[in-house]
Asks: 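To start, I am sharing the structure in question, which I have written as structure tokens.
A note on names: the letters A, B, ... follow the listed sequences, proteins ahead of strands, and every chain is numbered from 1. Side-chain atoms are counted along with the backbone in the values below, which use heavy atoms only and exclude waters and symmetry mates.
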Amino acid sequence: MGKNIRLNNPRPNEDKSLSKAAAKRRQSKETIDEAWQRIFAMKNSATDERRLLEVKQAMENGIIGRNPADMYNAKGTLKNFSKAEALRLWAELEELERRNRLKELVDNMPDNYRLVTTESEFYDMVESLAKEELIVFDVETTGTDVYNDKIVGHVLSATSVDTHYYVPTGHDVSPVHQLTKGYLDVAEELRPIYEDETIKKIAHNAKFDVQMLKNDLGIELKGLYWDTMEAMRLLNENEPSYALKPLATKYLRDNSYTYGELFGQVGFNEINLETALAYAAKDGDLTYRLYKFQRHHLAKHGKMLDYFLNVEMPLMTIVSDIELRGYDIDTDHAKRYAEELRKKAGKAHDNVIKHLGDINLNSPAQLKGAIEAHIGRTIKDTNAKNTLKPLAKEFPVISDLLEYREITKLLSTYYDALPQLINPKTGRIHTRLHQNGAKTGRFSSGGGGSFNIQNQSGDARKMFVAPEGHYIVNADFAAQEVRIIASLSQEEVLLDAFARGVDAYATLASRFFNKPYEECYKLPNGDDTPERSQMKVVLLSSMYGATKFGLSKTLGISVDEAEEFRQTFFDTYKKIGAFIDKAQAFAKRNGFVWIGDKARKRRLPDARKRPKRIPYGKYWSEEYEDERKHNSAINLAMRQAPHAMVQGLAAIQTKVTMIELDKLVKARGWQWFAPIHDEIVLYTTDDLSAEDIADIDLIMTQSYLLDGVDNATDISIQKRWGEYVSAEDYLKGKEVPEI
DNA sequence: TATTCCTGCCAC
DNA sequence: AAACGTGGCAGGAATA
């Protein structure tokens with residue numbers, strides 16, 4: 001029992017079956033142990049349960065005790081210990097622990113951390129940094145909004161002498177001495193170092209620091225060499241967190257607290273300088289130690305180090321530029337079209353309500369019941385493509401519902417949402433691009449109050465326009481993934497089709513259905529033939545691991561027919577099947593697959609697991625749920641293995657090509673729009689010449705060559721995204737549609 | 001009230 | 001009784 005806990009003694013032997021009066025009497029003299037028993041018998045949430053246990057432990061260890069103010073009521077009699085009081089104590093405990101952590105941080109601060117608050121200290125630091133080949137940098141800020149927040153200090157590490165500096169510039173603590181503008185212009189004094197290409201820079205989540213330096217101080221960082229956050233995505237794409245502190249705790253065995261664990265919600269500008277130094281300089285220290293650890297491990301495996309230094313790192317500055325550039329939105333069009341859509345949605349809504357009753361059409365749960373009542377049979381879900389579409393002919397109300405869905409999606413995700421994101425500072429909307437956002441190495445986009453540039457629908461694209469005097473130019477890799485499948489599998493029929501410049505799917509279909517090529521390509525009206533469409537579905541979905549069931553659904557044929565189709569397909573194109581088998585066998589043996597000539601890995605630990613046997617007929621029984629999950633994780637890894645090799649290689653091709661294209665962008669004074677997987681989009685000037693287009697074509701097709709297959713690109717030019725003319729037509733003199 | 005999960009759907 | 005890979009966002013429902 002804690003020494004500072006003053007409570008009546010426990011009475012463990014007291015009879016539990018008491019009269020009401022006795023119970024009342026007992027309650028008023030409840031011991032702390034009884035109180036805990038009562039509290040833990042309550043229905044507590046998992047978090048509360050955990051917090052209560054922490055408080056109990058802390059009280060028993062004498063770390064914390066009841067507040068006298070909580071112990072007695074107005075009459076001065078002892079109050080029972082309540083759950084609410086316990087949870088109040090938890091908050092106190094947290095604060096106490098926070099202070100302890102801070103004290104520990106400051107007390108244990110190494111002596112190679114230096115606070116820079118005087119001119120002489122500052123110039124000593126600059127002199128030391130200027131001699132370095134490699135420095136760590138990190139800016140401390142008032143927040144994470146790169147357009148509005150301010151830099152309050154600079155972390156800089158001289159790595160060769162293992163010295164970590166903190167230069168506070170904007171801490172609102174007084175009275176303290178710090179180097180602020182007017183006394184010594186820290187930004188201008190540091191600019192030569194930040195902008196010196198020959199001093200290599202390391203940072204954790206460098207894009208943020210680069211953008212803060214640019215937006216707040218107008219500094220263009222040069223010589224960015226290593227980002228420990230991005231490197232970690234290469235070293236382990238399955239890592240649960242890429243924040244510095246968890247990585248340091250895990251890989252450097254340095255038990256590091258997060259910002260929140262140390263400072264809670266307080267801004268860094270309010271932290272006193274001694275504490276700020278201990279925290280900030282440690283970031284520089286940890287980042288450098290993480291760099292050494294990462295470099296060692298990347299160098300051990302294939303060409304990963306080379307790929308990281310020559311592709312991922314140079315790409316980072318391009319990505320930062322893309323985010324800061326942003327997009328010009330045609331707000332007039334957005335407003336007009338949104339209004340039109342709202343009217344249509346209203347009509348569709350009313351039509352549906354008439355038949356289904358007054359329900360919330362956005363609620364799948366309510367909708368399901370109402371539809372079932374209306375059509376007189378049960379449905380699996382309210383999925384448009386699989387469930388509702390087949391019902392639309394029979395029940396007109398379903399058509400209205402589908403129209404309502406389509407319009408409200410367009411409004412809520414695009415036409416209403418995007419104009420609201422216009423940044424008052426830039427007048428544009430800004431995306432966020434994560435260059436290893438997908439585990440295969442693809443980009444992902446969005447998050448943090450931004451939007452996803454990569455899933456703009458055809459309609460939504462029309463909001464995006466080129467500024468006066470510019471074009472939006474799209475260059476896509478023609479059949480990028482199929483060329484990669486051809487290259488990785490070396491399947492002759494595919495290689496031959498690409499070599500002859502004929503359509504790959506039609507060629508496969510021609511062989512498969514034993515019909516002339518022309519009859520498998522296009523119909524007289526220009527549509528795809530059913531043979532070509534089917535072949536496309538079979539090839540791509542089989543690559544992604546579709547079973548006969550999935551295939552039967554997408555092709556609209558029976559399961560047996562689908563299986564027959566699949567079998568014949570893989571019998572005919574044996575090398576495609578062999579590629580899949582080989583990828584899966586490799587993953588099963590090694591727990592990962594290589595991507596792009598050992599540039600990176602996709603780690604699939606589940607691939608190594610042994611399937612668990614489930615007795616016949618018991619597959620869906622409750623008792624085998626764990627086995628079922630175990631096996632489906634293995635199956636998933638097996639589907640991922642070949643697909644990751646294809647998607648991952650495509651991502652590398654796009655990235656390498658971006659780096660080459662960036663040279664042209666800079667030389668011509670163009671700007672970046674975005675990468676969209678197999679499509680690269682630029683803002684060019686509207687004097688775009690035949691030579692410019694030839695240069696783009698050359699870079700798209702020659703920057704990353706595939707084994708045995710040529711690359712091809714389709715280029716299109718527009719002022720409003722999606723309303724394009726092909727490069728071919730443009731060169732013949734066809735006008736680019738006006739906005 | 002704020003956070004997390006689920007359903008559905010946009011992109012490649 | 002599920003059955004195709006990689007993502008992100010909106011809105012409702014469930015949970016804390």
Side-chain angles (χ1 to χ4, degrees), chain A residues 43-51 87 237 359-368 380-388 402 405-406 408-414 416-418 421 431-434 436-461 476-477 479-481 537-555 559 562-563 566 580 602 604 617-622 624-625 628-629 631-632 635-648 650-651 654 674-679:
Chain A
K43 217 175 152 186
N44 300 311
S45 70
T47 356
D48 282 354
E49 188 84 8
R50 180 174 49 76
R51 290 175 178 182
L87 291 177
E237 74 282 3
I359 57 166
N360 183 348
L361 298 189
N362 299 324
S363 161
Q366 294 177 36
L367 210 48
K368 183 166 183 286
K380 179 176 156 283
D381 51 33
T382 70
N383 180 275
K385 212 160 149 282
N386 301 328
T387 308
L388 299 184
L402 290 173
R405 276 260 180 89
E406 197 182 319
T408 51
K409 169 81 178 177
L410 198 51
L411 275 172
S412 64
T413 308
Y414 303 107
D416 279 341
L418 264 44
L421 296 177
T431 188
R432 281 192 196 171
L433 277 166
H434 315 287
N436 288 292
K439 288 174 170 28
T440 52
R442 260 193 179 187
F443 276 92
S444 73
S445 166
S450 75
F451 75 103
N452 185 347
I453 188 63
Q454 298 183 313
N455 74 341
Q456 297 300 309
S457 66
D459 263 333
R461 287 186 178 200
D476 66 25
F477 291 100
Q480 188 186 34
E481 287 204 357
V537 169
V538 172
L539 175 66
L540 291 174
S541 59
S542 297
M543 273 305 306
Y544 301 162
T547 62
K548 56 186 176 181
F549 302 99
L551 214 51
S552 91
K553 206 186 241 175
T554 42
L555 288 177
V559 172
E563 175 58 7
R566 232 182 120 265
I580 294 171
R602 175 72 179 104
L604 300 164
K618 291 272 188 173
Y619 195 81
W620 292 107
S621 79
E622 196 80 27
Y624 287 98
E625 198 190 337
R628 206 159 57 232
K629 273 193 183 154
N631 289 353
S632 73
N635 292 338
L636 174 61
M638 284 304 167
R639 293 194 296 273
Q640 288 168 317
H643 182 256
M645 294 179 72
V646 176
Q647 193 183 85
T654 299
I676 305 177
H677 309 306
D678 65 348
E679 184 179 356

Asks: Using the side-chain heavy atoms of A:S363, tell me which of these nucleotides is nearest: C:dG12, C:dA3, C:dG8.
Replies: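 Per side-chain heavy atoms of A:S363, the pick is C:dG12.
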Asks: Base, sugar-phosphate, or nothing for A:G648, non-hydrogen atoms under 4.0 angstrom?
Replies: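 No contact.
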Asks: Choosing from C:dG5, C:dC4, B:dC9, which nucleotide comes nearest the side chain of A:S541?
Replies: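 Side chain of A:S541 sits closest to C:dC4.
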Asks: Hey, is the side chain of A:N455 poking within less than 4.0 Å of OP1 or OP2 on B:dC12, counting only N and O atoms?
Replies: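 It does not, given that no N or O in the side chain of A:N455 lies less than 4.0 Å from OP1 or OP2 of B:dC12.
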Asks: Evaluate the side chain to side chain contact (heavy atoms under 4.5 Å, CB included) criterion for residues A:Q454 and A:F443: first the C-alpha distance (whole Å), next the side-chain angles of each, then the deciding distance (0.1 Å), finally the verdict.
Replies: CA-CA 9 Å; A:Q454 298 183 313; A:F443 276 92; 3.5 Å; yes
Asks: Look at the side chain of A:R405 against the base of B:dC9 and say whether a donor-acceptor pair falls under 3.5 Å; ignore hydrogens and angles.
Replies: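 Flag unset: no donor-acceptor pair detected.
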Asks: Reckon A:E481 touches a base, only the sugar-phosphate, or nothing at all at heavy-atom distances under 4.0 Å?
Replies: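 A:E481: no heavy atom of the nucleic acid under 4.0 Å.
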Asks: Tell me what A:L636 touches on the nucleic acid: a base, only sugar-phosphate, or nothing, going by heavy atoms under 4.0 Å.
Replies: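 Contact class for A:L636: sugar-phosphate only.
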Asks: Rounding to an integer number of Å, can you tell me how far A:K385 NZ sits from B:dA11 C1'?
Replies: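 To the nearest whole Å, that distance equals 14 Å.
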Asks: Report yes if a side-chain nitrogen or oxygen of A:N360 is closer than 4.0 Å to either non-bridging phosphate oxygen (OP1 or OP2) of C:dG12; otherwise report no.
Replies: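 Indeed, a polar side-chain atom of A:N360 lies that close.
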Asks: Quick one: pull up NZ in A:K439 and OG in A:S444 and give me the separation to the nearest 0.5 Å.
Replies: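 Going from NZ on A:K439 over to OG on A:S444, the span is 10.5 Å.
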Asks: Let me know the distance between CG of A:N386 and P of C:dA2, rounded to the nearest Å.
Replies: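 Distance check: A:N386 CG to C:dA2 P gives 12 Å.
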Asks: Heavy atoms from C-beta onward define the side chain here; which of B:dC9, B:dC12, C:dA2 lies closest to that of A:Y619?
Replies: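 Nearest nucleotide to the side chain: C:dA2.
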Asks: Distance check: side-chain N/O of A:Q640 vs OP1/OP2 of C:dT6, anything under 4.0 Å?
Replies: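 Answer is yes, contact under 4.0 Å.
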Asks: Ignoring the backbone of A:Q647, work out which of C:dC4, C:dT6, C:dA1 is nearest its side chain.
Replies: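 So the side chain of A:Q647 is nearest to C:dT6.
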Asks: Assess whether side chain to side chain contact (heavy atoms under 4.5 Å, CB included) is satisfied between A:R405 and A:L388, documenting all intermediate values.
Replies: CA-CA 11 Å; A:R405 276 260 180 89; A:L388 299 184; 3.8 Å; yes
Asks: Show your working on side chain to side chain contact (heavy atoms under 4.5 Å, CB included) between A:L421 and A:S450 and close with a plain yes or no.
Replies: CA-CA 7 Å; A:L421 296 177; A:S450 75; 6.0 Å; no
Asks: What nucleotide, of B:dC12, C:dC9, C:dA3, holds the atom closest to the side chain of A:K409?
Replies: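 Shortest atom-to-atom distance from the side chain points to C:dC9.
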Asks: Applying a 4.0 Å non-hydrogen cut-off, can you work out what A:F443 is touching in the nucleic acid: base, sugar-phosphate, or nothing?
Replies: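 It contacts nothing in the nucleic acid.
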Asks: Is there a side-chain contact between A:L418 and A:Q456, using heavy atoms and a 4.5 Å cut-off?
Replies: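 Answer yes - side chains close enough.
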Asks: By the 4.0 Å heavy-atom rule, please label A:D381 as base, sugar-phosphate, or nothing.
Replies: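 It contacts sugar-phosphate atoms only.
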Asks: Give A:K439 one of three labels, base, sugar-phosphate or nothing, depending on what nucleic acid heavy atoms sit under 4.0 Å from its own.
Replies: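 If one applies the 4.0 Å heavy-atom cut-off, A:K439 turns out to touch the sugar-phosphate alone, with no base involved.
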Asks: If you check every side-chain atom of A:R602, which of C:dG12, C:dT6, B:dC10 has the closest atom?
Replies: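 From the listed options, C:dT6 comes nearest.
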Asks: Please state whether the phosphate of B:dT7, meaning OP1 or OP2, lies under 4.0 angstrom from any side-chain nitrogen or oxygen of A:T382.
Replies: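 The answer is no; no side-chain N or O of A:T382 sits under 4.0 Å from OP1 or OP2.
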Asks: Just checking A:A384: base, sugar-phosphate only, or nothing, at a heavy-atom cut-off of under 4.0 Å?
Replies: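 Contact class for A:A384: sugar-phosphate only.
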Asks: Is any side-chain N or O of A:T413 closer than 4.0 Å to OP1 or OP2 of C:dC9?
Replies: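 Result: no.
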Asks: Between C1' on B:dG8 and CG on A:N362, what's the gap in Å once rounded to a whole number?
Replies: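 So the CG-C1' distance, A:N362 to B:dG8, works out to 11 Å.
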Asks: Is A:H677 touching bases, backbone alone, or none of the nucleic acid, heavy atoms closer than 4.0 Å?
Replies: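 The answer is sugar-phosphate, as A:H677 gets under 4.0 Å only of primed atoms, P, OP1 or OP2.
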Asks: Please pick, from B:dC9, C:dC4, C:dG7, the nucleotide with the shortest atom-to-atom distance to any side-chain atom of A:N452.
Replies: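 Closest of the options to the side chain of A:N452: C:dG7.
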Asks: Side chain to side chain contact (heavy atoms under 4.5 Å, CB included) for A:L433 and A:T431? Distances and angles first, verdict last.
Replies: CA-CA 6 Å; A:L433 277 166; A:T431 188; 4.3 Å; yes
Asks: Tell me whether A:E406 at atom CD has more than 12 heavy atoms from other residues, nucleotides or ligands lying less than 6.0 Å away.
Replies: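 Atom CD in A:E406 is not packed in, count stays at 12 or less.
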Asks: Base, sugar-phosphate, or nothing: which does A:Q366 touch, judged by heavy atoms less than 4.0 Å apart?
Replies: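 A:Q366: backbone/sugar contact only, no base atoms under 4.0 Å.
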Asks: Give the nucleotide from the list C:dA10, C:dT6, B:dA11 with an atom nearest to the side chain of A:S412.
Replies: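 The answer is C:dA10.
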Asks: Looking for any heavy atom pair under 4.0 Å, which part of the strands does A:R432 touch: base, sugar-phosphate only, or nothing?
Replies: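 Nothing, no nucleic acid heavy atom in range.
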Asks: Reckon A:S445 touches a base, only the sugar-phosphate, or nothing at all at heavy-atom distances under 4.0 Å?
Replies: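 Counting heavy atoms under 4.0 Å across all strands, the contact made by A:S445 is with sugar-phosphate only.
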Asks: With rounding to the closest Å, how many angstrom separate the P atoms on C:dA3 and B:dC9?
Replies: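 C:dA3 and B:dC9 have their P atoms separated by 15 Å.
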Asks: How many whole angstroms separate atom CD of A:Q454 from atom P of C:dC9?
Replies: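 It is 11 Å, rounded to the nearest whole Å.
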Asks: Just to confirm, is there a sub-4.0 Å distance from OP1 or OP2 of C:dT6 to any side-chain nitrogen or oxygen of A:R442?
Replies: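 For A:R442, the contact criterion (side-chain N or O under 4.0 Å from OP1 or OP2 of C:dT6) is not met.
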Asks: DNA chain C: A:A417 or A:G437, which has the more 5' nearest nucleotide?
Replies: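 So the residue in question is A:G437.
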Asks: I'd like the P distance from C:dA2 over to B:dT7, given in whole Å.
Replies: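 It works out to 13 Å between them.
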Asks: If I take atom CZ in residue A:F549 and atom C1' in nucleotide C:dA2, what distance separates them, rounded to the nearest angstrom?
Replies: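 Atom-to-atom, A:F549 to C:dA2, this comes out as 9 Å.
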